[in-house]
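Inspection log for the structure reproduced underneath, given as structure tokens.
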There are 2 protein chains.
Amino acid sequence: MEPAPALRADARHNRARILEAAREAFATRGLDVPMAAIARRAGVGVATLYRRFPSRETLITEVFGDELAACASVVDEALADPDPWRGFCSAIEKVCAMQVADLGFTEAFLTAFPDAIDYERTRVRAERGFAEVVRRAKAAGRLRADFDLADLTLLLKANCGVAAGAREAAEAGSRRLVAYLLQSFRAEHAAPLPPAPPLTLALLHERR
Amino acid sequence: MEPAPALRADARHNRARILEAAREAFATRGLDVPMAAIARRAGVGVATLYRRFPSRETLITEVFGDELAACASVVDEALADPDPWRGFCSAIEKVCAMQVADLGFTEAFLTAFPDAIDYERTRVRAERGFAEVVRRAKAAGRLRADFDLADLTLLLKANCGVAAGAREAAEAGSRRLVAYLLQSFRAEHAAPLPPAPPLTLALLHERR
DNA sequence: ACGTAAATGGACGGCCCTCTCCGGTTAGCC
DNA sequence: GGCTAACCGGAGAGGGCCGTCCATTTACGT
């Protein structure tokens, strides 16, 4: 697909340094960190950064490609678990932990990049997989029948709010929130009926 | 406490217009809206705005003073309810609805203003009241015993994450999230034990 | 060793935001 | 009606970030 322009050795080296710097910067200060800060951290000029990654989105897409893939593999692990409910729980716990660990990841998750094809493809794969995890957990009678796929979105956004706080509080808070919610998702506790779920996965990225 | 400088009529009028404009702007576009936009909306110059409210925080404090008071009265209503559990639930539902309805309110809630004395006082009052609501609900055997006051913080932050999305999705999502969590808070469902709650109320405002 | 194309980084113009200064205007009192 | 202090609004200085341009440096094939 790519003609692979064959970067020169120094350029390749700098590209790696930029990605590393961006990863650190995004994780600690969020997606809004100035491009100049990333460049400085990478020990390159701004021009170099812009030449390699024409837009901020390009950079973000590249940086979080791996982490999104990690997300997808978390779902795969869940599917591999012989216990459907345990798989469901651990998938959610792991993704939420990832969100808390990396401030930028959370934002990247919530910000749409319609142009990033790979990105989108991986996400769709993860969603498909998760749908299967949900199906299995329901079939096993452990997950409440009215659990909606959009509830994952809901949980992620909620967790995102918790993740925004101070590191330590965010970690503990997220774990507790997830524990509470997983409890509500259990089939046994489904007695009272919550309102309808008009949250679609696509709506995850909407701004106001 | 205030010597009340006795504003001239036109100044008083403009002050009110500014507050109204700021209220609208904060609600729809969040706390980061440019001062110039507020001034324009109010039909005054920027200088007038700055003369009346020397800092953005002053303005925010004034604007959300009422809403915070509304929060406190929600707690009072909850205390007035003869059914402790119903009071507990409705207090949470109402505050969360307020968060969703006003984008700025959410941010204001999460941003500390150590200088705003009244602000702080009202908040402490609301917290005291809510602690009593919790005590009553536990005493009635409806609220799980290990519910921690910090769980309110947790819920508010989670709801805040949901509230950040598109209006319609945010409303429905928040309702559903609250329903899920309230279910987990019921004493009957307390079977599995969630992790410890090291989230203090004070930590609500921490940045990273 | 050398020539060339690739790569570099800092300086710069443009844009948006905050906050202040100041000449003109107006309310309120006599 | 007229005076004065309070009030007004726009212009502009200051600062931050974005994204580009270009003179200089550097890798790498021969």
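Numbered from 1 within each chain, the chains take letters A, B, ... in sequence-line order. Computed over heavy atoms, backbone and side chain alike; hydrogens, waters and symmetry mates excluded.
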*Using a strict 4.0 Å threshold on nitrogen-to-oxygen distance, state whether A/R23 and A/E20 make a salt bridge.*
yes
_N/O (side chain, A/T48) to phosphate O (OP1/OP2, C/dA7) under 4.0 Å_ = no
*What integer distance in Å separates A/R52:CZ from C/dA6:P?*
11 Å
_Any base atoms under 4.0 Å from A/R40, or only sugar-phosphate, or nothing? Heavy atoms, all strands._
nothing
*Can you tell me if CZ on B/R56 sees more than 12 non-hydrogen neighbours from other groups inside 6.0 Å?*
yes
_Base versus backbone protein contacts along nucleotides 25-30 of chain D [heavy-atom cut-off under 4.0 Å; B, S, -]_ = -BSS--
*What is the distance, rounded to the nearest whole Å, between atom OH of A/Y50 and atom P of D/dG19?*
4 Å
*Figure out the CG/P separation between B/L49 and C/dT20, and round it to whole Å.*
12 Å
*Short side-chain N/O contact from B/N14 to OP1 or OP2 of D/dC8, under 4.0 Å*: yes
*asked:* What is the separation between atom CE on A/M35 and atom P on D/dC18, rounded to the nearest whole Å?
replied: 7 Å
*By nearest nucleotide on DNA chain C, pick out whichever of B/P54 and A/G45 is the more 5' one.*
A/G45
*Would you mind classifying the nucleic acid contact of B/R51 as base, sugar-phosphate or nothing, using non-hydrogen atoms under 4.0 angstrom?*
base
_Which is more 5' along DNA chain C, the nucleotide nearest A/V44 or the one nearest B/R56? Just name the residue._
A/V44
*Could you check how far CG of B/L31 sits from P of C/dC17, rounded to whole Å?*
15 Å
*Could you state the CD-C1' distance from A/E57 to D/dC18, rounded to the nearest angstrom?*
14 Å
_So, does A/R15 get its side chain near the phosphate of C/dA7, meaning an N or O under 4.0 Å from OP1 or OP2?_
no
_Separation of D/dC7 P from B/F53 CZ (nearest whole Å)_ = 13 Å
*Expressed in angstrom and rounded to an integer, what is the separation of B/R17 atom CZ from D/dC8 atom P?*
12 Å
*asked:* Any carboxylate oxygen within less than 4.0 angstrom of a Lys/Arg side-chain nitrogen, looking at A/E77 and A/K94?
replied: yes
_Aromatic contact between B/F185 and A/Y180, with the criterion being ring centroids under 6.0 Å apart: yes or no?_
yes
*asked:* Does anything in residues 26-55 of chain B form a ring-ring contact (aromatic ring centres under 6.0 Å, His included)? List the pairs, not counting sequence neighbours.
replied: B/F26-B/F64
*Taking 4.0 angstrom as the limit, do A/R15 and A/E62 come out as a salt bridge?*
yes
*Report yes if the side chains of B/L79 and B/E132 come closer than 4.5 Å at any heavy-atom pair, otherwise no.*
yes
